[in-house]
Each structure stands twice: as C-alpha cells, then as structure tokens.
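Sequence lines set the chain letters: A, B, ... in the order given, protein chains first and strands last, and positions in each chain run from 1. Worth knowing before you read on, the calculation uses all heavy atoms, side chains too, and leaves out hydrogens, waters and symmetry mates.
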Protein chains: 2
Amino acid sequence: MQCPATTTATRGRPREFDPEDALATALRIFWQRGYEGASLAELTEAMGITKPSLYACFGNKEALFRKALDLYEREKLCYVSSALEAPTARGVAERLLHGALATHCGDNDPQGCLGVISSVACGSEAESIRKEVIARRASSERALVDRLERARAEGDLSEDSDPEALATYLTTVMQGLSVKAGAGTSRETLERIVATTLACWPSK
Amino acid sequence: MQCPATTTATRGRPREFDPEDALATALRIFWQRGYEGASLAELTEAMGITKPSLYACFGNKEALFRKALDLYEREKLCYVSSALEAPTARGVAERLLHGALATHCGDNDPQGCLGVISSVACGSEAESIRKEVIARRASSERALVDRLERARAEGDLSEDSDPEALATYLTTVMQGLSVKAGAGTSRETLERIVATTLACWPSK
DNA sequence: TGCAATATATACCGATCAGTATAGAAAGTA
DNA sequence: TACTTTCTATACTGATCGGTATATATTGCA
C-alpha cells in the first residue's frame, strides 16, 4: 500500500511519483476549487498521475480530500496553536488575525480558507465532508475558548467579559476575512480590517 | 415570452405555473445548494415544472440564477438600505447586524447568505456568477462607506476614525456571521457575536 | 530464468450534468 | 371547424462526473 515516510524496499514495480508531492498538489487544487469543484480530471492532471494510481495510493476522492485536509491543518493552520501560546489575550488575538492574514492572503497559496470553502459549498453529495470540516473547526474553537477563559482567570481579560462570546466573535472575523480574501479583496484592505478589529479588542 | 407582472390575455396555451412562485422556489434551492450545487433536476422538481418550461420562461440556469439573485436582493437584503437610514453610525451598525441575523439565521429560510455561498464556491464554470455576486456586493459596500463618511462629517463618528476601514470591518463580521450560520451555529451564539461586535463598536 | 507483486496506461462503466428536438395538448382567432 | 400560437411531456444529446477492468510494464525474489 502507501508508505509515504518509510522508503522500505518493496517488491513489485516502484511508484513513479512522490505521494507527498502529489498530496500537496491535490491540496492546492481543493483549496482553489473546493471539494466538489475539484474534478478528478483536474486533480490527476495537476498531480501528474493517472486515476488508477490515485485510487491505489489514496483510496478515493473523499479519502484524498481528508488527507489533504490533514496536511492543510498540519502545515497551514499551525499558526492557530502557536497563537494560543501568546502570553496575553490580546497577543492571542493579534497572532490569530495576523496568522489568518498570512495564510489566507499569501502570494504563494490560493486565497481564502480551505475550511470555509469546504463548509460553505456546495451540493448534497459532499455532506459528510462538510460535517467533518465543521467538526474539526469546532474543536479548534473550543481550544480558543479555553485559552480566553484562562486569560480571564489570569486577569488580562476583565472579570465581566465573556470568553466564549469573544472567541466566537474572533473566529467570526477570521472567517469573514477568508470570505473577503477569496473574493479578491486586496491585502492592504484586509490588513486594515485586522487593525480595526484589534483597535476594538477589549483587553490589553 | 414571460410577463410575470402583467396578466395580459395572450394567445396560445396558457402557462400552468406562476413564474413568481417558481422563481421563489428556485431561490430557495440556490440558497441551500449554491449555484453549482443546485442541479436542474432538483430545481425543476422543486419548482414543479419541466425543463423545457424552465428554459422557455427563464432562459437557462445562469439567467434563472440572476433572476433569483434579483429577488433575493429585493426581498431579503432590503434591510441593508433601510439600515443606512438609521440616524447614527451605531444605529446603522445595529440594524445591519440584526438584519443579517434575521435574514441569514431565520427559521423559514435557508441558513447563511446566498451571496457568500455563491462567491465562495466552487468550480471554474461558475466564474462569471462569482464575479457578478462580488460586483453587487462591492456596490452595496460602497454605500456603507458613504454613509459612515457622512457619519464622521456629522460628528457621530470621531474625527480620527476611518469610515472605509469600519465599513469593511463591519461587512467582514457580517460575512463571518453567514459562514457560521451556514455551518449550523445556534441563533443564540450568533446573537452573542452581534452583541460583542456592538459592544466593541467605536461610536455612540 | 521464471514467478509473484506492484504500478502504469488505456479504455471503459453507469450516472448525472446542462441543454434541446419533437410531438402533442390547450388556448385565441377566423 | 380550421389554423396559429404557445405551453407541456417525453425522450434524447454530447459532455463530464467518480470510479474501475484489463492488459502491460517493471521490480524483487527464488
């Protein structure tokens, strides 16, 4: 089967492509098109492999998407967990917003957030994909709530503030940023949105 | 051809369906599925008409979508223009956010914003749809910028505030709300997000 | 060298996509 | 009643969808 990490000598004809490279390419296509918008024809052409190779290596389209989503969270959403390590609530907000900016409006990657794209779109067939993306997002949002509750306990968020409300508010802004980024809003405008959000943020 | 308003006596066999009802149904389907996610099979079944009837009355799928989008803006986004008539900048923000809440998280309509759904998703064929939706949104955002500039001129927004930045910030929150609504976030949570946003809003 | 194992290339599958050709049904007009 | 006009119902088009069967090519091992 597939062994992306260990390059153990196997029998049979060796694979002619690098599964990690191919997966990174698939991620890029899914990121541009969404799950349903990415056809197997476009995927296989971009990855430089044929459909049987794709199915042998990754299972099927849905399994490929989940692996791409894993890669996305591992490599592109790492700013989230590192943001939670900021010393203050304001620092967390700053790192989250600037991280979102860098990740979803960079020059080298598609614009917008794969999670937002996949949860908003599309038809009925992709329902299980949608649910999975929403579930993953919920767990990372819970971590943010916990962090802000800690901030309130530590005093850098005022006693009468609502950590849960602030957390969902913050992710709302981040998701709005992704929508705008995907719609082609300029980076400069997005930076002003982040600045405005931080200017409103109710803590030091 | 089609004459939805005037019921002039025409020759030939009379149409057996009400184009306005059919269009309202089509809007609901597009709203649930997005442009590409809504198949003609699902559309015609929900509308209770056959494909030839749909094509004779509405042109094609894209034209039907544009007509549905017109209806959507006319009936569902009217809260935007009425919000701009609020006496103060804070009143504008309040009405916009509560209007978005009522429209995108109501019990009778699909969750989320048709514009966000259509601009975020999907494949490459719907590119012209995407562009159209983005353009329509831009023009309504311009109206909000104008309104906030007036607010600054009138003094209910401080001299050193940035109306353009505040306007895009506000629409960012609204689009984030739509993403969350489409993902199934509870109305109560969304109301807390609105309350949090207004608590942060930098004007009386 | 021959065999088992794995990968590739080609061509195909049934289902669905948006869109249409054709024929019949229902109205006004003469 | 005959005729024109318009709508509806059925069946179809070529293209594309995700997925696969088959045959061939390339390796390790015996």
Side-chain angles (χ1 to χ4, degrees), chain A residues 1-4 6-23 26 29-30 33-68 121-129, chain B residues 1-4 6-23 26 29-30 33-68 121-129:
Chain A
M1 217 80 57
Q2 70 273 33
C3 43
T6 60
T7 328
T8 58
T10 54
R11 306 232 298 212
R13 178 173 172 173
R15 178 176 286 130
E16 292 180 1
F17 64 95
D18 180 345
E20 296 205 55
D21 288 352
L23 185 60
I29 301 294
F30 281 128
R33 306 273 184 227
Y35 175 70
E36 290 189 310
S39 72
L40 280 183
E42 186 174 7
L43 284 165
T44 51
E45 185 184 344
M47 298 163 85
I49 64 177
T50 61
K51 281 195 279 184
S53 295
L54 189 153
Y55 277 80
C57 186
F58 300 104
N60 60 12
K61 189 185 178 183
E62 185 168 335
L64 174 64
F65 180 84
R66 282 175 210 273
K67 288 185 171 73
C122 251
S124 45
E125 135 203 351
E127 191 57 30
S128 73
I129 293 286
Chain B
M1 216 80 58
Q2 70 275 32
C3 43
T6 62
T7 329
T8 58
T10 54
R11 307 230 299 212
R13 176 173 175 176
R15 179 176 286 132
E16 293 179 3
F17 63 95
D18 180 346
E20 296 204 54
D21 288 352
L23 185 60
I29 301 294
F30 281 129
R33 306 274 184 226
Y35 175 71
E36 290 190 310
S39 72
L40 280 183
E42 186 173 9
L43 285 165
T44 52
E45 185 183 344
M47 297 163 84
I49 64 178
T50 61
K51 281 195 277 183
S53 296
L54 188 153
Y55 276 80
C57 185
F58 299 105
N60 59 14
K61 187 184 179 183
E62 185 168 336
L64 174 64
F65 179 83
R66 283 175 210 273
K67 289 185 172 73
C122 252
S124 45
E125 136 204 352
E127 191 57 29
S128 73
I129 293 286

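- Rounded to an integer number of Å, the gap from CZ of Phe58(B) to P of dC7(D) is 12 Å.
- Between Gly12(A) and Phe17(A), it is Gly12(A) whose nearest contact on DNA chain C lies nearer the 5' terminus.
- Note that the OG atom of Ser39(A) and the CZ atom of Arg33(A) stand 8.5 Å from one another [nearest 0.5 Å].
- One axis for each end of the helix from dT1(C)-dA30(D) to dA30(C)-dT1(D), each built from five base pairs, and the angle between them comes to 20° at 10° resolution.
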Open item on the list: Output one letter per nucleotide in nucleotides 18-25 of chain C: B when a protein non-hydrogen atom lies under 4.0 Å from the base, S when only the sugar-phosphate is that close, - when neither is.
Closed with: SBBB--BB
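- Each of Thr50(A) and Pro14(B) was assigned the nucleotide of DNA chain C with the nearest heavy atom; the assignment lying further toward the 5' end belongs to Thr50(A).
- Phosphate proximity of dC29(D) to Arg11(A): absent, as no side-chain N or O sits under 4.0 Å from OP1 or OP2.
- Distance CE (Met47(A)) to P (dT8(C)): 12 Å, rounded to an integer number of Å.
- Of all the heavy atoms in Pro19(A) and Phe17(A), the pair that sits closest is CD-O, 3.3 Å.
- At whole-Å resolution of the value, CD1 in Ile29(A) and P in dG18(D) are 13 Å apart.
- If you take CD of Glu45(A) and P of dT10(C), they are 14 Å apart, rounded to a whole angstrom.
- Between Ile49(B) atom CD1 and Asp21(B) atom CG the span is 11.0 Å, to the nearest 0.5 Å.
- Atom CG of Asn60(B) is separated from atom CG of Leu40(B) by 9.0 Å, given to the nearest 0.5 angstrom.
- Annotation for Met47(A) and Ala22(A): closest pair CE-O, 3.4 Å, computed over non-hydrogen atoms.
- In this structure, CG on Leu43(A) lies 11.0 Å from CZ on Phe65(A), to the nearest 0.5 angstrom.
- To the nearest angstrom, P of dT20(D) lies 12 Å from CG of Leu54(A).
- Rounded to whole Å, atom P of dG18(D) lies 8 Å from atom CG of Leu43(A).
- Taken to the nearest 0.5 Å, the OH atom of Tyr35(A) stands 7.0 Å off from the OG atom of Ser128(A).
- Annotation: the span from Lys67(B) atom NZ to Leu23(B) atom CG amounts to 8.5 Å, rounded to 0.5 Å.
- One finds a side-chain N or O of Ser53(A) lying less than 4.0 angstrom from the OP1 or OP2 phosphate oxygen of dT8(C).
- Ala63(A) approaches Gly59(A) most closely through the heavy-atom pair CB-CA, 4.5 Å.
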